[in-house]
Amino acid sequence: MNSAERFLAALSHREPDRVPIHDSVWLSTQMRWQSEGMPADVTLAEHFGYEMVLLRPDLSPGFPTKTVEEDEEYVLEHTPYGQIRRQHRDRSSTPEILEWPVRTREDWLPIRDKLVPDRSRIDWPTLRAAYEKARAEGKFVAFNSHIGYAHFQEYIKTDELLMILGEDPDWAREMFQVQAELVVGLAQIMWDEGLRYDGAFVACDLGYRNATLFSPQTYREVQFPADRLVFRFFRDKGLPVTLHSDGRVKALIPQFLEAGLSALHPIETKAGMDLIELKREYGKDLALFGGIDVRAMADPDPRVIEEEIKRKFEVAMVGGGYIYHSDHSVPNNVSYRQYQHVLELVRRYGTYR
């Protein structure tokens, strides 16, 4: 099987030849690994054999970007979303947002008018080159975008956005709907112009360590309609849809499934997302993508990560419906050799007999 066939089998709840492999790695982790012997002239995907390629259009309102100042540790910059933010040069932490472009509903209106699907939002040379390379290599090609609540933290300070959900749900629902229409419009343009992806990988963080960021009832009222529009757009084309959502989001899974979701990522162990429990409860309807604890990867005793992978694979991979990924991005306390060992174990225990 090639990667596309392997992914599609797993997402369709059929057993491929082995568990598909993909992962996310901090930039600072990559820099550490290069200092420990990883070749610097190849990408992580090439070096480790990752099997998914993401095609992403521009979703921003297109504000001018510029670097305001920088030093050896930090960069201060204007973003295309209208933020001013400071972050570590190696992108090893969450950026500090100093200014947001939306404080009132009136601030939102001119941004809303810019969020219209258009061919100019697509970097055609770059995406076509990535698409052709992925197809030549047999990779699983996915349309990629952000959707819903988490994306609007680009525009609105988090606590203010949460207040809007409770006090002005009509506005929140409008914002999420506009974003959803932008996403499906761009996905259709790309599809019509020959970028025939195999599925979609969309992102919206909706949980933290202990629970969802807001109630399932609020999700139903303000975001569910927009998510359903996005998920069903792809499902109507016969394509699987994966949602990336960090944190403890188990309470939302029934609504995700109702909206048309195919797979959930990254199954964050640290937030109480138990891969084995989810497989037993939802495995017939929902593919699971991730769930391997990065804390076990960093443990100095290699038996810890071996037990983590062996124990979870024995349940999660049965009948298909499982794709390997860390339970979040791999942090820089995991050494190059430790991560090589992780993937050796994934291939050893992830082969179907």
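Predicted model only: the values in this text are computed from it and were never measured.
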- request: For Gln87 and Glu77, run side chain to side chain donor-acceptor pair (under 3.5 Å): C-alpha distance rounded to whole Å, both residues' side-chain angles, the deciding distance at 0.1 Å, then the answer.
  value: CA-CA 9 Å; Gln87 62 183 357; Glu77 58 191 1; 3.2 Å; yes

task: Show your working on ring-ring contact (aromatic ring centres under 6.0 Å, His included) between His13 and Tyr322 and close with a plain yes or no.
output: CA-CA 8 Å; His13 302 274; Tyr322 178 68; over 10 Å; no

query: Does the pair Thr29 and Asn332 meet the rule for a side chain to side chain donor-acceptor pair (under 3.5 Å), with working shown?
result: CA-CA 4 Å; Thr29 309; Asn332 58 15; 5.4 Å; no

message: Evaluate Tyr131 against Tyr197 for ring-ring contact (aromatic ring centres under 6.0 Å, His included), listing each step before the verdict.
response: CA-CA 8 Å; Tyr131 178 80; Tyr197 32 81; 8.5 Å; no

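In summary, the aromatic rings of Tyr219 and Phe176 are positioned with their centroids too far apart to meet the 6.0 Å limit. Between His341 and Tyr336, a ring centre-to-centre spacing not shorter than 6.0 Å is recorded.
Both the sub-6.0 Å distance and the 45° axial angle are not jointly satisfied by Arg228 relative to the ring of Phe231.
By the rule that hydrophobic residues join a cluster once side-chain heavy atoms approach within less than 4.5 Å of another member, Trp124 and Val183 end up as members of one cluster. Cluster membership check: Leu161 does not share its hydrophobic cluster with Ile84, using side-chain heavy-atom separations under 4.5 Å among Ile, Leu, Val, Met, Phe, Trp and Tyr. With hydrophobic clusters built from ILVMFWY side chains whose heavy atoms lie under 4.5 angstrom apart, Ile156 does not share a cluster with Leu98.
For the side chain to side chain contact (heavy atoms under 4.5 Å, CB included) with Ile267, the qualifying choice from Val249, Leu288, Asp327, Asp274 is Leu288, the only one to do so.
When all heavy atoms are compared, the tightest approach of Ile292 to Ile309 is CG2-CG1, 4.0 Å. Between Phe313 and Val346, the shortest heavy-atom contact is CE2-O, 3.7 Å. Of all heavy-atom pairs between Ser24 and His325, the closest is OG-NE2, 3.0 Å. Residues Arg347 and Phe48 come closest through the heavy atom pair NH2-O, 3.3 Å. Nearest approach of Tyr352 to Pro16, heavy atoms of both residues: CD1-O, 3.0 Å. Heavy-atom minimum distance, Val184 versus Val230: CG1-CA, 3.9 Å.
No donor-acceptor distance shorter than 3.5 angstrom exists from the side chain of Thr242 to the backbone of Leu264, with no hydrogens or angles considered. Not a single donor-acceptor pair under 3.5 Å links the side chain of Ser12 to the backbone N or O of Ala9. Under a 3.5 Å cut-off, the side chain of Asp23 and the backbone N or O of Ser326 do form a donor-acceptor pair. A donor-acceptor pair is defined here as one N or O able to donate and one able to accept, closer than 3.5 Å; no such pair exists between the side chain of Tyr155 and the backbone of Arg103. Side-chain atoms of Glu51 never come within 3.5 Å of backbone atoms of Asn2 as a donor-acceptor pair (strictly under, hydrogens ignored). For Asp107 (side chain) and Thr104 (main-chain N/O), a donor-acceptor pair under 3.5 Å exists by modelled atom type. Judged purely by atom type and a 3.5 angstrom limit, Gln223 has no side-chain atom pairing as donor or acceptor with the backbone of Gly148. No donor-acceptor pair under 3.5 Å is formed between the side chain of Glu268 and the backbone N or O of Arg248. Between the Ser329 side chain and the Trp26 main chain, no donor and acceptor come within less than 3.5 Å of each other. Listed for the Gln30 side chain is no donor-acceptor partner under 3.5 Å among the backbone atoms of Leu27.
Scanning for salt bridge (charged side-chain N to carboxylate O under 4.0 Å, His left out) contacts around Glu193 gives Arg119, Arg128, with sequence neighbours left out. For Glu174, the salt bridge (charged side-chain N to carboxylate O under 4.0 Å, His left out) test picks out Arg105, Arg112, with sequence neighbours left out. Take Arg235 and apply the side-chain contact (heavy atoms from CB on, under 4.5 Å) test, not counting sequence neighbours, and it matches Val241, Ser262. Applying the salt bridge (charged side-chain N to carboxylate O under 4.0 Å, His left out) test to Arg121 and every residue at least two apart in sequence or in another chain returns nothing. In terms of the salt bridge (charged side-chain N to carboxylate O under 4.0 Å, His left out) criterion, Asp299 has no residue partners (sequence neighbours excluded). Qualifying ring-ring contact (aromatic ring centres under 6.0 Å, His included) partners for His244, counting only residues two or more places apart in sequence or in other chains: His265.
Under the 4.0 Å criterion applied to side-chain N and carboxylate O atoms, Glu258 and Arg220 are assigned as salt-bridge partners. A salt bridge does not link Glu344 with Arg348: none of the charged nitrogens is closer than 4.0 Å to a carboxylate oxygen. Ionic pairing of Asp198 and Arg135 is present here: one or more N-O contacts between side-chain nitrogen and carboxylate oxygen are shorter than 4.0 angstrom. Between Glu308 and Arg295 there is no salt bridge, since none of the side-chain N atoms of the basic residue sits less than 4.0 Å from a carboxylate O of the acidic one. Ion pairing of Lys250 with Glu277 is present here, as a side-chain N (NZ or NE/NH1/NH2) and a carboxylate O approach within less than 4.0 Å.
Annotation: side chain of Phe152 is not in contact with side chain of Ile164 (no heavy-atom distance under 4.5 Å). Looking only at side-chain heavy atoms (C-beta outward), Thr269 and Lys312 come within less than 4.5 Å of each other. Using a 4.5 Å heavy-atom threshold, the side chains of Val334 and Val342 count as separate. Pro20 is not listed as a side-chain neighbour of Tyr324, based on a closest heavy-atom distance of 4.5 Å or more. By the 4.5 Å heavy-atom criterion applied to side chains, Arg303 and Glu307 are not counted as neighbours. Side-chain atoms of Phe143 and Pro57, non-hydrogen and from C-beta on, do get closer than 4.5 Å to each other. Looking at heavy atoms from C-beta onward, His151 lies out of side-chain contact with Cys204 at the 4.5 angstrom threshold.
Taking Ile, Leu, Val, Met, Phe, Trp and Tyr as members and joining any whose side-chain heavy atoms lie under 4.5 Å apart, directly or through other members, the hydrophobic cluster of Trp100 also contains Ile97. Other cluster members for Phe201: Phe7, Leu8, Leu11, Met52, Leu54, Phe140, Phe289, Ile323, joined by side-chain heavy-atom distances under 4.5 Å among Ile, Leu, Val, Met, Phe, Trp and Tyr. Through side-chain heavy atoms spaced under 4.5 Å, either directly or across other Ile, Leu, Val, Met, Phe, Trp or Tyr residues, Val42 is tied to no other residue. The hydrophobic cluster containing Ile276 also includes Val315, under a criterion of side-chain heavy atoms closer than 4.5 Å among ILVMFWY residues, counted directly or through chains of members.
With no hydrogens or angles considered, a side-chain donor-acceptor pair links Arg56 and His146 at under 3.5 Å.
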Under 3.5 Å donor-acceptor pairs involving side-chain atoms of residues 61-71, not counting sequence neighbours:
{"residue": "Glu70", "atom": "OE1", "partner": "Arg89", "partner atom": "NH1", "Å": "2.6"}
{"residue": "Asp71", "atom": "OD1", "partner": "Glu73", "partner atom": "N", "Å": "2.8"}
{"residue": "Asp71", "atom": "OD1", "partner": "Tyr74", "partner atom": "N", "Å": "2.6"}

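Sorted by first then second residue, the salt bridge (Lys or Arg N to Asp or Glu O under 4.0 Å) pairs that include residues 138-150, not counting sequence neighbours, are Glu137-Lys139.
For Met31, the CE atom counts as loosely surrounded, since its 6.0 Å shell holds 12 or fewer non-hydrogen atoms of other residues, nucleotides or ligands.
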